[in-house]
Amino acid sequence: MARTPLVAGNWKMYKTEAQAEEFIQALLPRVSSLDGADLAICVPFTDLRAMVDSSRGSPVEVFAQNMHYEPEGPFTGEISAPMLGELDVRGVVLGHSERRQLFGETDKALALKVPAALDAGLVPILCVGETEEERDGEETERKLRHQINEDLAGVPAARLAEVVVAYEPIWAIGTGRVAEGEQAQEAIAFIRALVSGRDEAAGESLRILYGGSVKPDNAAELLALPDVDGALVGGASLDPASFAEIAAAASR
Ligand code: PGA
């Protein structure tokens, strides 16, 4: 079954609106003829409106990097799914390991956030992955099973295929230490099997990305793995030329 690859750039807390504008003007001509892959940038809240406006009619979709699960309420400093939807934002990254580790994001909150995103018409990119300690202790599958089961518990089987999962081994994020092809394939096939266990068809069609030190020189190899349906790219997505190169590797 053919799954359209998705290459998503995760900017994290980089780029002011002016810098974002400079980036998109440099990126668009490089990806205008992109075929056979979806392309997204996950940007800071303050860049959303400008990036949605500047990328209209192009192959680039704009995602946020977090949201609250309630549609509104007394939650100072938070942003809701309907607020993102009204800006024509296409989706949202949920459960990135930096949010889990540095900002106390819990599986319990994610179990509410993923369905709230879907209900608002947003595509959730749910991030999962093990620490170095967990991998060394052969705890990778236990961790992934726990995160997938908990975080997707509130998503009805009929909507599971609309979720995008990003497998990001924490030891590979921002370290330059990319997972070996075999490790990435194994973990991603395991995640697919978990989803298939809930719904066979969803397991077949759900997209699972690899993330963690994806660069132009290793993208082609990672993207060619049978269960890898794209990449979540941090550092290398900040430069339009290197991001466009990774996108081109996915569209081949
Ligand atoms: P990296 O980040 O590509 O810089 O390793 C990936 C991520 O955090 O999504």
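Whatever order the structure lists ligands and atoms in, that order sets their numbers, starting from 1.
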Inset, instruction - Kindly work out whether a path of hydrophobic side-chain contacts (I/L/V/M/F/W/Y, heavy atoms less than 4.5 Å apart) joins Val195 to Val123. - result: no
Legend entry - Charged N-O contact under 4.0 Å between Glu132 and Arg177: yes
Inset, instruction - Considering only NZ, NE, NH1 and NH2 on the basic side and carboxylate oxygens on the acidic side, decide whether Glu150 and Lys108 come within less than 4.0 Å. - result: no
I'd like to know if [X] contacts ligand 1, where contact means a heavy-atom distance under 4.0 Å to any ligand atom.
X      : value
Lys12  : yes
Gly212 : yes
Ser213 : yes

Legend entry - Residue of the set Lys143, Arg100, Arg135 for which salt bridge (charged side-chain N to carboxylate O under 4.0 Å, His left out) holds with Glu130: Arg135
Quiz: residues 84-95 side-chain donor-acceptor pairs under 3.5 angstrom, not counting sequence neighbours:
unit_1 : atom_1 : unit_2 : atom_2 : d
Asp88  : OD2    : Arg56  : NH1    : 3.0
Arg90  : NE     : Glu61  : OE2    : 3.4

For [X], counting its heavy atoms only, list the atoms of ligand 1 lying under 4.0 Å from any of them.
X      : answer
Ala172 : 5 (O)
Leu232 : 9 (O)
His96  : 7 (C), 8 (O), 9 (O)

Legend entry - Nearest-neighbour protein heavy atom for atom 7 (C) of ligand 1, which is reported as residue plus atom name and distance: Glu168 OE2, 3.2 Å
Legend entry - Nearest neighbour in protein (non-hydrogen) for atom 4 (O) of ligand 1: Gly235 N, 2.9 Å
Inset, instruction - Have a look at ligand 1 and work out which part of Ile173, if any, has a heavy atom under 4.0 Å from it: side chain, backbone, both or neither. - result: both
Legend entry - Heavy-atom nearest option to atom 5 (O) of ligand 1, drawn from Ala236, Gly234, Gly174, Cys42: Gly174
Legend entry - ring pair (Phe, Tyr, Trp, His ring centres under 6.0 Å) pairs, two or more places apart, involving residues 137-180: none
Legend entry - Pairwise side-chain contact, Glu168 with Cys127, heavy-atom cut-off 4.5 Å (strictly under): yes
